[in-house]
Amino acid sequence: MADGWCSDNGESVYRSRDAVKNFRIRVRIQRVTSTAALSEHLHQQVLSQQERGVIELETFSTQTASSTDEEELVVAWQEKFFSQYEVDLYQTESNCQTPLERQYHTDIMAMERSKRRQNQRIFTYTDFDRFSKWEEQAQSLVIPAQPTPTFLAERMANVRHRRQERRPAESNVPKSRLITWEPSEEFVKNSHIINTPVQTMYIMADLGPTGKLGLKENEYVLCTIKADGNGVISIKPDFNNNRGAYRLETEGEKREVWRLYLENASSDIQAEEKDREQRMYRDLYTRHKDYLNSLVGQDFEMPPPGILRLIVNGEIVSAQGYEYDNLYVHFFVDLPNNWSSVSSHCLSGVTQTCRTRSIEKEDVAFFSYPFSFETFFHKEDESDGSLPQWPVLYFKVLSLDFWQRFRTEGYGYLVIPSTSGRHRMTCRTWRAVQRGTVAELRRFFIGGAPELEDISYVRIPGTFKGERLSRFGFRTQTTGSVTFTLNCIQHARAFIDASTLKKRRQTVLDQLGGHSQQGSVYNVLEAFQRAHKRMQEARETLPRDLINTSALLNSESSA
Amino acid sequence: MDLPEPIRRRLGDFSRTVFVDQSRTQPSFEEHANFLDQNKDVVSSLPLQMSLYFNMWFFPFWWISEVVMLDLKYSALADYYKFILITILIVMTLIEAIRLYLGNAGNLQEKVPELAGFWLLTFLLQFPLILFQLFNEAVLVQPLERGVHIILALFIFAEVLFGFVALRTMVRHTESRFHLRQFHGIQELRT
């Protein structure tokens with residue numbers, strides 16, 4: 001009697017690309033009781049004694065066939081089979097409260113009229129039934145021994161499963177008491193993390209005595225099937241697949257034993273439908289790819305020919321070594337000739353007011369102020385031999401205190417580097433000083449100080465026309481320094497031509513003038529060419545002078 | 001933190017009444033031309049600011065000296081002078097705090113009402129009180145008190161003088177600026 005049982009009751013997980021609605025499972029239960037054993041025993045006695053009559057054997061066979069000890073049913077996914085308890089419950093219309101239950105009432109009435117009922121003992125609880133929640137707490141009979149649940153299993157059992165197609169009970173997060181410092185067990189169960197949404201289906205059996213079906217306490221879980229939206233199907237216990245049958249043992253006075261068989265009854269897809277499905281998927285993916293391509297576009301953004309695009313993302317990191325506190329920096333970008341900018345961009349700015357702190361005996365004000373601008377260089381006249389000038393960032397550092405006294409702390413400038421990449425620069429500053437003690441007293445007490453009317457005087461004034469700039473008589477005093485970080489991006493169509501055609505490198509550099517180092521090399525080569533020409537000219541004129549000298553000598557000797 | 005609006009309005013009216021010459025209805029063209037020539041951006045008064053600065057540092061010493069000496073000579077004073085001196089001390093402390101704040105705010109931020117309030121508090125209240133404490137021998141003026149009173153009196157006198165000059169300069173500057181502002185739009189229209 002004990003041999004032939006399957007002792008492996010673990011859960012099995014499958015992954016399916018097919019829709020879960022094509023799932024089929026064949027369930028078969030078979031009773032193994034003392035009555036059956038007695039019948040077999042008597043049958044053997046009859047066989048051993050051949051002299052008995054045939055009527056007795058026929059009587060025993062009839063009794064065995066009349067009992068409902070075996071049932072087989074093919075169940076689809078979320079297919080509803082009613083138990084005797086549900087039939088008795090939903091026949092009365094007053095017991096139906098939800099629309100689902102009213103539909104059950106209609107189905108049961110139709111089934112009663114048509115007298116076609118496929119199942120007797122085996123029934124199902126679908127995901128929408130109100131009994132499904134209760135069954136999650138029920139223990140399965142298939143477990144032979146009762147193992148002690150581990151800490152992880154106990155914790156995972158308390159994880160609240162999220163139901164599909166149901167509204168969340170409390171979607172809003174409470175604004176007060178965001179953190180519960182001492183959660184209770186009930187709070188942990190109610191507010192625990194949410195798993196992947198799964199649909200659950202239970203295949204149940206009514207294992208009551210024959211003729212006494214319909215009692216709630218005689219219901220037992222045969223199989224639990226769960227499926228989520230990603231195609232993962234978990235079945236507990238697994239299909240039999242040529243192994244022994246599972247053993248079911250009921251509780252109560254009679255210790256009845258049942259045999260359980262689970263078999264996969266899903267049908268495969270046909271070849272034509274498979275080809276059609278693959279073709280549909282291929283078309284869908286192709287259309288999606290075309291849609292993404294149309295969104296992104298094919299063209300890489302490229303400036304017009306002969307134009308260099310300079311993008312600078314910079315940061316005013318800090319200012320250090322100044323006299324007063326509450327510093328801020330006022331800066332703007334000056335574009336030389338042949339440079340232009342997008343009108344919408346802003347080429348000036350002012351930072352926040354920053355208090356200083358002492359780092360290694362020096363007062364440092366950290367601004368961390370980001371700025372960015374975009375400019376274009378277009379050299380129209382080729383005859384101009386000078387290298388192009390690069391944009392200059394002029395800035396002045398000021399301080400502002402509680403009484404609205406603001407003082408000029410320093411002036412400085414920063415030439416945008418001609419190479420791309422990341423650059424970190426520290427610029428020294430100075431401020432204008434007026435002679436006399438009264439000026440310093442005025443600066444201290446009131447805050448006024450001499451200012452530059454044109455800040456480009458820090459380098460070369462914009463209105464300067466001439467060859468020599470004199471600053472005689474202009475008094476300054478050295479002050480602190482400002483640290484910048486610049487990330488420069490240079491973008492030009494000529495860079496592609498330069499990489500493919502190396503012979504045109506000089507032409508490219510002549511057009512752009514972007515790289516000062518290569519420009520200087522080009523200048524050296526040009527100077528060498530000019531010197532070489534002068535040497536050739538000198539060599540050509542030399543024989544004539546020698547010939548003339550020889551002629552003079554000959555004439556003197558003849559005289 | 002600003003003065004209440006009615007007080008500001010009355011102090012502004014007071015300034016325009018006192019510090020503007022009523023004999024001439026309008027400033028002459030030459031004065032406006034001088035204003036354009038000067039074109040000073042900051043009209044704060046340096047001597048006034050220096051007086052206020054040092055007065056702010058000196059006031060705590062004055063206060064401590066006054067309290068200590070009052071405590072020492074309290075038993076030797078007549079009963080009515082005890083009450084008078086305590087009242088004067090409390091009133092001068094409050095007026096000094098308000099006055100110093102108004103002076104700094106008015107001078108550094110070029111606010112005429114604040115500066116006018118400062119000047120009125122200095123000239124009408126602090127000046128008589130400090131002279132009373134300095135020259136009234138019945139209150140048993142001690143040598144330390146005489147010393148700190150002389151210094152504070154000099155500060156207050158300097159502030160009255162420089163405050164008057166600063167207030168007059170500021171009022172005229174503001175008047176010229178407002179007068180020339182009406183021509184600002186014309187210049188823009190012309191260009």
Side-chain angles (χ1 to χ4, degrees), chain A residues 322-330 332 343 348 350 352-353 355 394-411 431-458 461-463 474-477 479, chain B residues 1-3 8 35-59 96-119 155 158-159 161-171 173-174 177:
Chain A
Y322 289 98
E323 187 178 356
Y324 287 93
D325 212 342
N326 296 320
L327 302 169
Y328 64 99
V329 179
H330 200 130
F332 73 94
S343 59
S348 66
V350 59
Q352 75 275 10
T353 304
R355 297 186 61 180
Y394 293 101
F395 63 92
K396 63 178 177 179
V397 186
L398 305 112
S399 68
L400 184 70
D401 65 351
F402 174 77
W403 296 109
Q404 305 294 314
R405 286 179 289 200
F406 96 101
R407 305 172 175 90
T408 304
E409 298 292 335
Y411 291 98
R431 64 179 174 88
V433 170
Q434 191 174 353
R435 184 198 293 268
T437 310
V438 177
E440 290 303 312
L441 285 174
R442 176 169 284 268
R443 172 181 164 85
F444 176 78
F445 285 110
I446 295 178
E451 294 186 13
L452 294 180
E453 190 176 13
D454 183 10
I455 198 175
S456 63
Y457 191 77
V458 176
T463 57
F474 185 67
R475 296 174 172 271
T476 60
Q477 176 179 331
T479 55
Chain B
M1 180 179 177
D2 278 341
L3 289 174
R8 285 181 61 93
F35 172 76
L36 285 175
D37 289 340
Q38 291 178 0
N39 195 14
K40 291 196 303 181
D41 291 331
V42 181
V43 295
S44 301
S45 175
L46 177 61
L48 175 62
Q49 191 60 35
M50 291 175 70
S51 304
L52 286 167
Y53 181 81
F54 293 122
N55 191 1
M56 246 190 310
W57 285 109
F58 178 73
F59 184 71
E96 191 75 8
I98 297 174
R99 191 175 65 88
L100 289 176
Y101 171 74
L102 287 180
N104 279 288
N107 191 31
L108 291 176
Q109 303 177 23
E110 300 180 6
K111 296 181 177 179
V112 171
E114 272 81 1
L115 201 58
F118 155 80
W119 192 79
F155 275 130
E159 283 159 11
L161 206 62
F162 297 136
F164 183 82
V165 174
L167 194 50
R168 185 177 60 185
T169 306
M170 200 173 293
V171 166
H173 178 85
T174 307
R177 191 197 301 171

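In the text below, chain A, chain B and the rest are named by the order of the sequence lines, each starting its count at 1.
- The distance from the CG atom of A:L441 to the CD atom of B:Q49 is 11.5 Å, given to the nearest 0.5 Å.
- Checked against salt bridge (Lys or Arg N to Asp or Glu O under 4.0 Å), A:R405 has the following partners two or more places apart in sequence or in another chain: A:D401.
- Looking at every heavy atom in both residues, A:R442 comes nearest to B:L46 through CA-CD1, 3.8 Å.
- Using cut-offs of 30° and 60° on the angle between ring planes, the pair B:Y53 and A:F445 is perpendicular.
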